[in-house]
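All remarks here apply to the structure that follows.
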Amino acid sequence: MARIVTVGIAQLGPIRRSESRQDVVVRLLALMEDAARMGADLIVYPEAALTAFFPHWWIDDEAELDSWFEREMPGAATRPLFEAARRLRIGFHLGYAELAVADGRKRRFNTAILVGKDGAIIGKYRKIHLPGYADHRPEQPFQNLEKRYFEVGNLGFPVWHAFGGRVGVMICNDRRWPEAYRVMGLQGVELVLLGYNTPVHNPAMPETDDLTNFHNHLSMQAGAYQNATWVVGVAKAGVEEGVDQIGQSCVIAPSGEIVVQCATLGDELQVARCDLDLCAAYKANIFNFAKHRRVEHYGLIVERTGAGDVLG
Ligand code: CDT
């Protein structure tokens, strides 16, 4: 019997700097209600889905910086999402900026969680590949300060048993790195979820601006095919506080083909029926890692990840 997971991709349009968490959650809930009506098992929201993407501007004041982060999950503003998930029997993926306090020290991460149909958190991922820089570059039209505001994630690339399959989470820039998919592929991943905030313009490499949409799909389609997995990529799109961000949210099959894609740059829901069993033929044949990978000939030092023996 086919293992179908019906996935809703909940693309968001821009979020204003002044928009409250409560107002954003109203938008997220409207998309969740629609997704549930359309039979979705799971709805996927973008990276940093609760606020405008604040790494695009310089913040000096620590209290102001803290105000962009969630100290608890669920918190007062996000609890309605967890309650609705339980009521509607729908899981969700949510990206947010996380402020954790450990040994009296503040730690900031770019985080995403996977929540089950019972409203309980299944797992958490903290972004590993942080783009940009930590210094102020006021000459640029906008900043890319993830290296200033976030620590590198410390949870590896976990894959969880969920929604009848093996589900992994990465965040935005991770999708450009083949090893992010491969570490999950080696754990048998069947469904990769990711959100992104991707400006059309790259101030460091403006000559590639025309290729931003192409590189988005190129990275995710290659990751899906080469690791025999579904990939779900969801954007925060449109012009947000002067930064023009791409859309193109989509669901990609293990064949590498896009099966569903958003058509706008605003809040938009699309739904795809993902048959996890489609992964099996690719995993058993062209990308049968145990049979065909030849790591011992690659000349690499390969490390264990802590998530199990990923070379198994
Ligand atoms: N949020 C995030 O990671 N954005 C980056 C922008 C990089 S600029 C090329 C991304 O990889 O989409």
Side-chain angles (χ1 to χ4, degrees), residues 10-32 45-84 92-113 115 121 124-138 140-155 169 171-173 195-199 234-245 267:
Q11 179 174 284
L12 292 181
I15 298 177
R16 279 173 287 108
R17 190 169 179 158
S18 59
E19 206 164 328
S20 71
R21 309 278 206 289
Q22 285 77 5
D23 287 345
V24 174
V25 167
V26 168
R27 289 165 59 181
L28 302 184
L29 286 170
L31 292 160
M32 188 187 277
Y45 298 115
E47 173 190 34
L50 297 169
T51 64
F53 198 69
F54 61 89
H56 286 158
W57 58 82
W58 180 260
I59 301 168
D60 251 339
D61 180 74
E62 184 165 336
E64 189 195 336
L65 180 61
D66 286 354
S67 73
W68 294 100
F69 286 76
E70 311 306 310
R71 288 173 182 263
E72 49 179 359
M73 191 55 67
T78 47
R79 190 158 292 112
L81 284 172
F82 290 75
E83 290 167 354
F92 66 91
H93 160 286
L94 177 73
Y96 63 99
E98 176 193 9
L99 178 57
V101 180
D103 302 327
R105 187 165 81 85
K106 281 184 191 168
R107 306 194 63 180
R108 297 187 175 87
F109 299 99
N110 188 338
T111 295
I113 47 168
V115 176
I121 294 176
K124 176 191 283 192
Y125 167 69
R126 289 169 169 160
K127 184 174 181 178
I128 290 176
H129 298 101
L130 300 172
Y133 39 82
D135 55 309
H136 196 192
R137 302 191 182 177
Q140 294 190 172
F142 59 90
Q143 309 292 302
N144 191 356
L145 290 163
E146 289 199 54
K147 281 189 166 58
R148 173 175 165 85
Y149 299 143
F150 301 121
E151 287 181 51
V152 173
N154 58 356
L155 301 176
V169 171
I171 301 178
C172 194
N173 192 262
Y196 55 92
N197 282 263
T198 297
V234 182
K236 173 128 67 56
V239 181
E240 182 180 87
E241 297 297 332
V243 181
D244 191 6
Q245 302 206 129
D267 289 14

Side chains of Leu65 and Arg108 in contact at under 4.5 Å (non-hydrogen atoms): yes
Would you call Phe53 and Glu240 a side-chain contact if the rule is heavy atoms closer than 4.5 Å? yes
Begin with the C-alpha distance, continue with both residues' side-chain angles, and end with the deciding distance and a verdict on side chain to side chain contact (heavy atoms under 4.5 Å, CB included) for Val115 and Phe82. CA-CA 8 Å; Val115 176; Phe82 290 75; 3.7 Å; yes
Partners meeting side-chain contact (heavy atoms from CB on, under 4.5 Å) with Ala49 (sequence neighbours left out): Leu12, Tyr45, Pro46, Leu94
Side chain to side chain contact (heavy atoms under 4.5 Å, CB included) between Glu241 and His56, intermediate numbers included: CA-CA 9 Å; Glu241 297 297 332; His56 286 158; over 6 Å; no
Contact between Leu50 and Val25 at the side-chain level, heavy atoms closer than 4.5 Å - yes or no? yes
Only one of Glu72, Met73, Glu83 clears side chain to side chain contact (heavy atoms under 4.5 Å, CB included) with Thr78; which? Met73
Restricting to salt bridge (Lys or Arg N to Asp or Glu O under 4.0 Å), what partner residues turn up for Glu19, sequence neighbours left out? Arg16, Arg27
Is the shortest side-chain heavy-atom distance between Tyr149 and Ile59 below 4.5 Å? yes
Minimum side-chain heavy-atom gap Ile113-Tyr96 below 4.5 Å: yes
Using the salt bridge (Lys or Arg N to Asp or Glu O under 4.0 Å) criterion, which residues pair with Glu98? Sequence neighbours excluded. Lys124, Arg126
Arg21: side-chain hydrogen bond (donor to acceptor under 3.5 Å, both in side chains) partners, not counting sequence neighbours: Glu70
When rounded to the nearest 0.5 Å, the distance separating CZ of Phe92 from CG of Leu28 is 9.0 Å
Sorted by chain and number, sequence neighbours left out, side-chain contact (heavy atoms from CB on, under 4.5 Å) with Ala97 holds for Phe54, Phe69, Phe150
Kindly write out the residues that satisfy side-chain contact (heavy atoms from CB on, under 4.5 Å) with Val239, not counting sequence neighbours, or none if the list is empty. Asp244
So, using side-chain hydrogen bond (donor to acceptor under 3.5 Å, both in side chains) as the criterion, who are the partners of Lys147 when residues are at least two apart? none
Sequence neighbours left out, what passes salt bridge (Lys or Arg N to Asp or Glu O under 4.0 Å) with Asp60? Give chain and number order. Arg148
Arg71: side-chain hydrogen bond (donor to acceptor under 3.5 Å, both in side chains) partners, not counting sequence neighbours: none
Under the side chain to side chain contact (heavy atoms under 4.5 Å, CB included) criterion, do Thr111 and Lys127 qualify, and how do the steps go? CA-CA 6 Å; Thr111 295; Lys127 184 174 181 178; over 6 Å; no
Pairwise side-chain contact, Gln245 with Asn197, heavy-atom cut-off 4.5 Å (strictly under): yes
When you compare the side chain of Pro74 with that of Leu81, does any pair of heavy atoms fall below 4.5 Å? no
Please identify each residue that fulfils side-chain contact (heavy atoms from CB on, under 4.5 Å) with Asp135, with sequence neighbours left out. Tyr133, Arg137
Sequence neighbours excluded, which residues qualify as salt bridge (Lys or Arg N to Asp or Glu O under 4.0 Å) partners of Arg79? none
Between Glu146 and Asn110, a side-chain donor and acceptor under 3.5 Å: yes
Contact between Leu99 and Lys106 at the side-chain level, heavy atoms closer than 4.5 Å - yes or no? yes
List for me each residue that meets side-chain hydrogen bond (donor to acceptor under 3.5 Å, both in side chains) alongside Arg107, sequence neighbours excluded, and say none if there are none. Glu151
Would you check, one step at a time, whether the test side chain to side chain contact (heavy atoms under 4.5 Å, CB included) holds for Phe109 with Asn154? CA-CA 9 Å; Phe109 299 99; Asn154 58 356; 4.0 Å; yes
